[in-house]
Each structure stands twice: as C-alpha cells, then as structure tokens.
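So the structure is just underneath, and the comments pick up after that.
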2 protein chains.
Amino acid sequence: MTSTDPTPPLRPTRQRKAVAEAMASFADFRSAQEIHELLGDRGEQVGLATVYRTLQRLADAGEVDVLRTEDGEAIYRRCSDTHHHHLVCRSCGATVEVEGPTVERWTSSMAAEHGYADVSHTLEIFGTCPRCA
Amino acid sequence: MTSTDPTPPLRPTRQRKAVAEAMASFADFRSAQEIHELLGDRGEQVGLATVYRTLQRLADAGEVDVLRTEDGEAIYRRCSDTHHHHLVCRSCGATVEVEGPTVERWTSSMAAEHGYADVSHTLEIFGTCPRCA
DNA sequence: ACCCGAGTTGACAATCATTCTCAACTCGTC
DNA sequence: GACGAGTTGAGAATGATTGTCAACTCGGGT
C-alpha cells in the first residue's frame with residue numbers, strides 16, 4: 001500500500017467559514033437552499049453548489065446531522081458529536097437531541113435475534129412541541 | 001356535517017391489480033422505477049405515472065411501507081397492517097419486520113419528558129444478514 | 001513580495017426522481 | 001348502448017442535487 005492517504009488538506013476558505021457560522025446560527029433543520037438563502041441575507045455571497053459541497057463535507061465529518069423530509073429533501077443541522085436521535089416539532093421544527101441506552105440495546109438485540117451483524121440504525125421522533133401545542 | 005365523504009370509489013383496474021400483484025412478488029424494498037420495470041418484464045404494460053400514483057395510494061392506505069434511501073429515492077414494500085419497523089440487510093436488501101413495546105415506550109417517554117404531544121416516529125435498523133455475512 | 005500547484009469556487013448545464021397536464025379511455029350503472 | 005366519474009399514459013414541467021471546467025485563492029517555498 002503506497003497510500004498513506006492522510007487527511008487530505010482542507011482549506012479554511014471564506015465560504016467554508018461562512019457556512020459553518022450560518023450552521024451555528026440556528027437550531028432546527030434547514031434545507032441546503034434555505035441555508036444558501038440565509039447566507040445571501042447575511043451578505044455572504046456563496047455559490048449554491050459550494051453550499052451543497054460544504055454541507056456534505058460537514059455531514060461526512062459528523063459535524064452536522066442530515067435528515068430527509070417526507071418528500072425526500074435533505075435538511076441539515078449542527079449536532080453534538082455523540083450518537084443521538086432527534087425529537088422534532090412537526091409544526092415549528094424545534095429540535096431536541098435525545099439519547100439513551102434503551103433503544104440502542106433494543107435494536108442490537110433485535111438484530112442479533114435475526115443474525116444481523118454490523119448494525120446501525122436511524123430513529124427520529126416527531127411531535128408537537130409545548131409551544132406549538 | 002354534510003360530508004359523509006365515504007371512501008371515494010376506487011376502481012379495480014387492470015393496472016392497479018398488476019401493481020398489487022407485483023408488490024406481492026418480492027419481499028425487499030424496491031423503487032418505483034424498479035417496480036415499473038418489473039411490470040414491463042411481466043408483460044403488464046403500465047405507465048410510470050400510474051405506478052407512482054398507485055404506490056402512493058397503497059402507501060396512504062397503509063398497505064405498503066415507504067422508505068427513503070440514502071440519496072432520497074423512495075422505495076416500497078408490501079407490509080403487514082400493524083405498526084412495525086424494519087431490519088434491512090445493507091447488502092442484499094432482505095427485510096424483516098420487527099416490533100416491540102420497548103421502543104414504543106421509550107419514544108413516548110422521551111417525547112413526554114420534553115412536553116411533545118401527538119408523537120410518531122420512524123425507526124429502521126440496518127445490518128448484514130446471516131446469508132451475506 | 002512573487003511564483004506555483006493543489007485545493008476551491010461559481011455559473012450553468014445535466015441528471016434524475018417525481019409530479020403535472022389533459023385529452024383519450026374504461027367501468028359500472030342506468 | 002349511452003353517460004359521467006374515476007383512470008390512464010405520454011410527455012412536459014418541476015425541483016433538488018450533482019457534474020463540468022475555467023478562473024481563482026491559499027500557503028509554502030524562493
């Protein structure tokens with residue numbers, strides 16, 4: 001293997017910083033297009049393609065969570081670095097990160113019971129938050 | 001209420017039967033396009049738009065499950081009528097329906113803890129099935 | 001300061017799944 | 001056998017996302 005293939009250099013460009021800042025400025029899930037728009041409002045001119053590329057990197061790096069709306073659109077949100085799930089308000093989008101050993105254990109045992117290995121899972125909870133109730 | 005608005009008439013057309021049969025012929029998740037193709041192979045000529053429409057009806061009626069692949073494509077599968085989740089093989093797509101009060105309870109309590117009402121959730125488990133291991 | 005190559009960017013074209021449009025068609029019924 | 005509502009299909013339209021590629025920017029030498 002000739003490939004040491006270290007972390008390929010990542011440059012802190014104006015655009016990347018702008019996206020990172022934008023992501024830090026809201027707590028719910030937003031679509032790439034919305035984020036792009038938000039950048040425009042802030043006066044930070046960033047190409048849509050770049051927004052997509054950057055969000056993808058961030059997602060790969062585990063710095064943002066990606067979800068799919070009912071109609072298949074990808075939405076993003078900054079997140080903590082530990083494994084967790086989301087409790088999302090159907091009406092206003094307010095999001096709470098939740099976690100706990102219960103589900104983790106349950107999914108593992110279900111998988112084991114059927115002989116599945118290398119298990120991972122996705123779990124999202126939707127509801128109406130107290131403020132929207 | 002003037003609206004008795006009963007089940008709007010649903011006609012058992014050749015196309016709808018064909019799709020229903022097709023859905024019964026496989027046990028994993030397939031995309032609308034794949035299902036359309038499968039119909040073609042079977043000699044049942046059905047328009048793509050109709051396949052989409054029919055799948056949507058079936059999904060609304062709860063007769064098929066819909067999932068989103070990593071890249072946002074919708075995939076369908078016939079399912080039992082009770083609430084359940086899926087254990088899907090990442091490599092061959094083999095699917096097992098799983099259910100249990102544990103998760104249901106966990107999600108409810110999490111929601112309650114944060115004051116969320118009207119809760120629903122989605123949960124999918126991915127892994128490598130025994131045959132693909 | 002200046003040069004250079006690799007990593008980046010952006011405008012725009014290209015993809016691709018899904019939905020829309022609407023005239024022609026089919027069912028079950030009268 | 002005719003009627004009207006529900007259906008269908010071909011193709012256009014939509015909309016998110018990705019690809020293309022020439023121009024640009026960074027940071028490390030020199």
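The structure displayed is predicted, hence computed values, not measured ones. Below, chain A is the first sequence line, B the second, and so on; all start at residue 1.
Residue B/R57 places at least one side-chain N or O under 4.0 Å from the OP1 or OP2 atom of D/dT7. Contact annotation: B/T13 side-chain N/O to C/dC27 OP1/OP2 distance is not under 4.0 Å. At C/dT26, none of the side-chain N or O atoms of B/R14 fall inside 4.0 Å of OP1 or OP2 (strictly under the cut-off). One finds a side-chain N or O of B/R16 lying less than 4.0 angstrom from the OP1 or OP2 phosphate oxygen of D/dT7. Regarding contacts with the backbone of C/dG10, a side-chain N or O of A/T50 is found under 4.0 angstrom from either OP1 or OP2. Checking the phosphate oxygens (OP1, OP2) of C/dT8, no side-chain nitrogen or oxygen of A/Q15 falls inside 4.0 Å. When the side-chain nitrogen and oxygen atoms of B/Q45 are compared with OP1 and OP2 of D/dG9, none of them lie within a distance under 4.0 Å. Residue A/Y52 has a polar side-chain atom (N or O) positioned under 4.0 Å from OP1 or OP2 of D/dT17. Distances shown here put every side-chain N or O of B/Q56 at or beyond 4.0 Å from the OP1 or OP2 atom of C/dT18.
Considering only heavy atoms from C-beta on, A/F126 stays 4.5 Å or farther from B/D118 through its side chain.
Aromatic rings from A/H121 and A/H85 are positioned such that their centres are separated by under 6.0 Å.
In summary, the side chains of B/T54 and B/R57 do not present any donor paired with an acceptor at a separation below 3.5 Å, with no hydrogens or angles considered.
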